[in-house]
Amino acid sequence: MTDLKKQKLSTKQLNRILLIDNDTSFRTTITATLAASSFIVDEAMNGLQALGKIKQLKPDLIILDSKLDKLDGFETCRLLRKNPIMTGVPIIMITELGDTDAIHRSFESGATDFIIKPFSYDIIIHRLRFILKASQDSSEIKNSNLKLTTVQRMARLGYWTWDVKHNHFEISDQLAGLCNINLHTFDKTLEGFLCLIDQNDLKMVTEKLLEAPINKTIRHIEYRLQVNQTDSIFVHQEMVKKIENGSPIITGTVQDISQRKASEKQIHHLAYFDALTGLASRTYYHEQIQSFIKIADRRNEKFAFLFLDLDGFKDINDSLGHNQGDELLKIIANRIKQEIRDVDFAARLGGDEFCILLSGIVDDESVAEVACRCLTHINTPLTLGQQQIRPRVSIGIAIYPRDGKNEIEIMKSADTAMYAAKEAGKQCYTFYSKDMALQAISRLEREQMLLEAFEEEQFMLHFQPQISMQTGRMIGTEALVRWRHPKEGMVPPDEFIPEIEQLGLVIPLGNWVIKKACEQIAKWHKSGLPFLHVAVNISALHFQDDTLLDTVKSILDKTGVPAQYLELEVTESAMHVEECVDIIKQLRLIGIKIAIDDFGTGYSCLASLKQLPFDSLKIDKVFIDDMLTNHHTSLLLGTIIGLANALDYKLVAEGVENKEQALVMHGLGCHIIQGYLFGRPVSCDKIPELIDFDFTNRLEIEQEKEL
Ligand code: C2E
Ligand code: CA
Ligand code: CA
């Protein structure tokens, strides 16, 4: 360490004394004595010199002779005290023995203490050390008081003290600041304080304050303080009681919690209201139904639970995209709001499910009226983007307490009734009845069985050949899933896919089918056959799953199947959703083929075909069924086929059941035929024998049959 550093370090800890005296020899002796006791001493020969040096020297203590030239010691003391840097710095006045007047004047002019000449140097050193220590302690207290005030200001904290016996009520600066009042105008009584309380809380606060002196335990309370004519702030108050001279003194700390209250309100709003529609949320619904139940019980009344579910919302979401789907939900929510009274309650329970609670109902007819109004209003056509939409809703109704004694039961009944409404053909309302419960149980059982089917691999694939009319040979197959039900036998997909979708299992099922199909292609190939082309049905929802690409890649990787042998069939609706189109494009980039399934049944737009990313079109069975009898259909088919061929898409006719259909389609330019004419879907072991089969035989057999 350098000497300078050492010096700096040590001088920092030493006390600095300014000695003001015009007697040079006295100054010299005393300086030497003090320096020997580790004080740093600065000297000034008169008051003016001292005043001039004070800022620079910053002494910890001043020794000041009362008898000075020009400016006397008392005047010097007074002037020193005026300087803010002298706050808390002790000034010791030197006076003569017997000069009591000087002692009085010393204190008057702001001196801390005095010493009388002549004095013992030992004693004076002790005395100085004592005074310095005391002054440091008091400046620390001052400092911590200052900190406390700052902390209180920052924490928006104030306090009051109430001397109950004398009804003397003091409030702190900070509390006066919080209430926006001048401390001097405060009248220092309990009544004065109560004047500051917001009218809404006055009764409660008065009670709590008045019982505080008597009660053993004192409660913390939250209330509002009026800060001006119109505004108030929220405060949290804690009180403590002590007994002084036999009478209670209550102290209350008061903290401004307006900010916290505002955040609480915001959090409450986020939790209690659905962000999209502004309707009450599910959380709010849970609370509200409890209070509906309580009120109904107390008044011996009934209330109705209406469960609303949009029909075909998924299709709208799939075909028009989520933004438009959200728009529709907002509109529906608004329509619901308009149909209910203030005393009723409506919430969005999630997705496209809503509920309405109608209080104090008299009979089923009045509920039916509201349900009817909702149906009519909600079903009014509207335009979403460019598209005309007719929203449809099914409503299930349950009455409390008739159809359920608690929240869960009543909701279950309404849900059951809603399913019944859907089964009855949608767009209607249905009241709950006991028979429905039995049906609901069987539905539940079925759902349970489907979950088990998944775990126990009860699904299997059948393959339906696709035949080229040009060669008479099978050019590929479509994989179609079946459920081998342990009791019911083979269940066709149309009977369980909708439930699979409802259970949220459509993506796992799709992945399973892709995997099984690829494994089958690999198996056939391993057994010596060429790679066979397999088309797999993928739900539109699955094309929005951004892991689809990786799943497909990894399946191809594991099975060693080249990408071009796997085709994914998707309905047109998915082609109108941006997210799906992105994923479809990426799939095509790695060589996967994409087919548009059931072409012609959705919102077809021939003109848009050019922009869509796909490889083949599957013409739906409805066209095939119709074309021989309906001239318009065959004309339309001609146009579609012409355009598709011009754009170089592969064309497949689906559901071809007889020779005429096959020949006409062939004649129109659609050369690939799939249908019962050439073969039903069969299990995988039947496929190898079809590979070299000449399917034109079937046309001839058909012809022979006719002959
Ligand atoms: P799709 O994709 O249109 O499949 C063609 C359906 O028409 C198949 O019914 C097939 O057996 C049937 N079909 C084929 N040729 C004829 C015919 O000449 N006459 C008649 N009447 N029907 C014919 P399937 O296997 O019952 O499948 C029904 C639907 O289930 C499929 O329609 C498809 O939308 C869906 N599906 C099938 N497998 C899967 C799958 O693995 N995943 C998904 N998401 N959906 C699947
Ligand atoms: Ca298909
Ligand atoms: Ca189809």
Side-chain angles (χ1 to χ4, degrees), residues 314-315 318 450 453-454 457-467 474 476-484 489-518 520 533-545 548 566-574 580 593-602 604 614-628 650-662 665 670 672-684 686 695 698 702:
K314 198 178 128 316
D315 293 341
D318 287 351
L450 263 176
F454 219 89
E457 297 228 358
Q458 290 170 3
F459 297 113
M460 67 175 299
L461 293 182
H462 273 181
F463 299 86
Q464 186 176 31
Q466 297 177 330
I467 313 301
M474 179 171 82
T477 63
E478 176 179 359
L480 294 153
V481 72
R482 270 98 186 87
W483 176 14
R484 240 177 329 178
M490 211 61 97
V491 183
D494 288 338
E495 285 177 29
F496 66 87
I497 298 272
E499 276 169 288
I500 286 275
E501 284 180 352
Q502 261 171 27
L503 289 171
L505 290 173
V506 74
I507 292 177
L509 177 74
N511 289 340
W512 181 86
V513 175
I514 298 172
K515 183 167 150 271
K516 280 287 156 189
C518 288
Q520 191 56 58
H533 187 276
V534 175
V536 164
N537 293 281
I538 296 296
S539 132
L541 202 73
H542 203 161
F543 279 100
Q544 290 171 48
D545 167 27
L548 177 62
L566 179 65
E567 184 164 62
L568 303 183
E569 292 191 3
V570 56
T571 49
E572 268 178 277
S573 60
C580 297
K593 300 276 182 273
I594 301 289
I596 297 187
D597 204 357
D598 306 341
F599 183 72
T601 56
S604 308
F614 69 98
D615 304 275
S616 39
L617 265 192
K618 300 191 76 177
I619 299 172
D620 195 77
K621 187 170 180 299
V622 291
F623 288 102
I624 313 295
D625 288 345
D626 209 28
M627 74 186 170
L628 297 179
K650 190 173 101 182
L651 272 167
V652 181
E654 262 195 306
V656 175
E657 291 182 340
N658 58 51
K659 192 189 66 180
E660 285 80 13
Q661 291 168 338
M665 286 309 282
C670 171
I672 303 169
I673 304 291
Q674 179 183 347
Y676 291 174
L677 168 68
F678 289 130
R680 291 183 179 248
V682 291
S683 57
C684 58
K686 301 280 188 319
F695 283 86
R698 297 269 164 101
E702 279 274 313

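Numbering of ligands and ligand atoms starts at 1, following listing order.
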- Query: Does M490 offer a backbone N or O that forms a donor-acceptor pair with the side chain of R482 under 3.5 Å?
  - Reply: no
Q.
My question is simple, although I want it checked carefully: is atom 7 (O) of ligand 1 less than 4.0 angstrom from any protein heavy atom?
A. no
among protein heavy atoms, the one nearest atom 31 (C) of ligand 1 is L480 CD2, 4.2 Å
Taking only non-hydrogen atoms of Q464 and a 4.0 Å limit, the atoms of ligand 1 in range are 10 (C), 14 (C), 15 (N)
The answer for which part of D620 has a heavy atom under 4.0 Å from ligand 1 is neither
The Ca ion (ligand 3) has as its nearest N, O or S atom from E654 the atom OE1
Correct closest heavy-atom pair for C580 and A540 would be SG-O, 3.9 Å
Here the atoms of ligand 1 under 4.0 Å from any heavy atom belonging to D494 are 28 (C), 29 (C), 30 (O)
Judged by heavy atoms only, the candidate from I673, D598, N537 nearest atom 46 (C) of ligand 1 is N537
Close N or O approach (I538, ligand 1; < 3.5 Å)
no
Nearest heavy-atom approach of I500 to L450 is CD1-CD2, 3.9 Å
Check your understanding: Got a donor-acceptor contact below 3.5 angstrom from the Q661 side chain to the N658 backbone?
Key -> yes
For atom 15 (N) of ligand 1, is the nearest protein heavy atom under 4.0 Å away? yes
Numbered in order shown, the ligand 1 atoms found under 4.0 Å of a heavy atom of V656 are 18 (O)
For D597, the N, O or S atom at the shortest distance from the Ca ion (ligand 2) is OD2
Of all N, O or S atoms in D598, the one closest to the Ca ion (ligand 3) is OD1
* Are G510 and ligand 1 in contact, using a heavy-atom cut-off of under 4.0 Å? -> no
Could you please spell out the steps behind the side chain to side chain contact (heavy atoms under 4.5 Å, CB included) verdict for I497 and L509?
CA-CA 9 Å; I497 298 272; L509 177 74; 3.7 Å; yes
Legend entry - atom 39 (C) of ligand 1: any protein heavy atom closer than 4.0 Å: yes
**Prompt:** Touching ligand 1 at all, R482? Heavy atoms, strictly under 4.0 Å?
**Reply:** yes
Note: P465 and I467 closest approach over all heavy atoms is CB-CD1, 3.9 Å
Among the N/O/S atoms of E569, the Ca ion (ligand 2) lies closest to OE1
Of K618, Q464, H462, H533, the one forming a side chain to side chain donor-acceptor pair (under 3.5 Å) with E478 is K618
Smallest heavy-atom separation, H542 atom then I507 atom, equals CE1-O, 3.4 Å
From the list V534, V536, V481, side chain to side chain contact (heavy atoms under 4.5 Å, CB included) with L461 holds only for V481
Smallest heavy-atom separation, G679 atom then R698 atom, equals N-NH1, 4.0 Å
Any heavy atom of K621 under 4.0 Å from ligand 1? The part involved is side chain
So the atoms of ligand 1 within less than 4.0 Å of a heavy atom of E478 turn out to be 2 (O), 4 (O)
Describe, in one word, how the ring planes of F496 and W483 are oriented to each other, choosing from parallel (under 30°), tilted (30 to 60°) and perpendicular (over 60°). perpendicular
When every non-hydrogen atom of E660 is compared with those of L628, the smallest separation belongs to CB-CD1, 3.6 Å
Quick note on ligand 1: atoms under 4.0 Å from a heavy atom of E657 include exactly 17 (C), 18 (O), 19 (N), 20 (C), 21 (N)
Note: ligand 1 atoms sitting under 4.0 Å from heavy atoms of P681 are 11 (O)
among protein heavy atoms, the one nearest atom 12 (C) of ligand 1 is Y676 OH, 4.3 Å
Looking at G679, P493, A653, the heavy atom closest to atom 24 (P) of ligand 1 belongs to P493
In ligand 1, the atoms that come under 4.0 Å of a heavy atom of I497 are 43 (C), 45 (N)
Is the shortest N/O to N/O distance between D597 and ligand 1 below 3.5 Å?
yes
message = Tell me whether D615 contacts the main-chain N or O of I594 through its side chain, where contact means a donor paired with an acceptor under 3.5 Å.
response = yes
Looking at E478, the N/O/S atom that lies nearest to the Ca ion (ligand 2) is called OE2
Rounded to the nearest 0.5 Å, the CZ atom of R680 sits from the NZ atom of K686 at a distance of 14.0 Å
Checking heavy atoms under 4.0 Å, the part of E654 that sits near ligand 1 is side chain
When rounded to the nearest 0.5 Å, the distance separating CG of D545 from CD1 of I538 is 10.0 Å
Is_contact(atom 34 (O) of ligand 1), protein non-hydrogen, under 4.0 Å:
no
Short version for V513: what comes under 4.0 Å of ligand 1, heavy atoms counted, is side chain
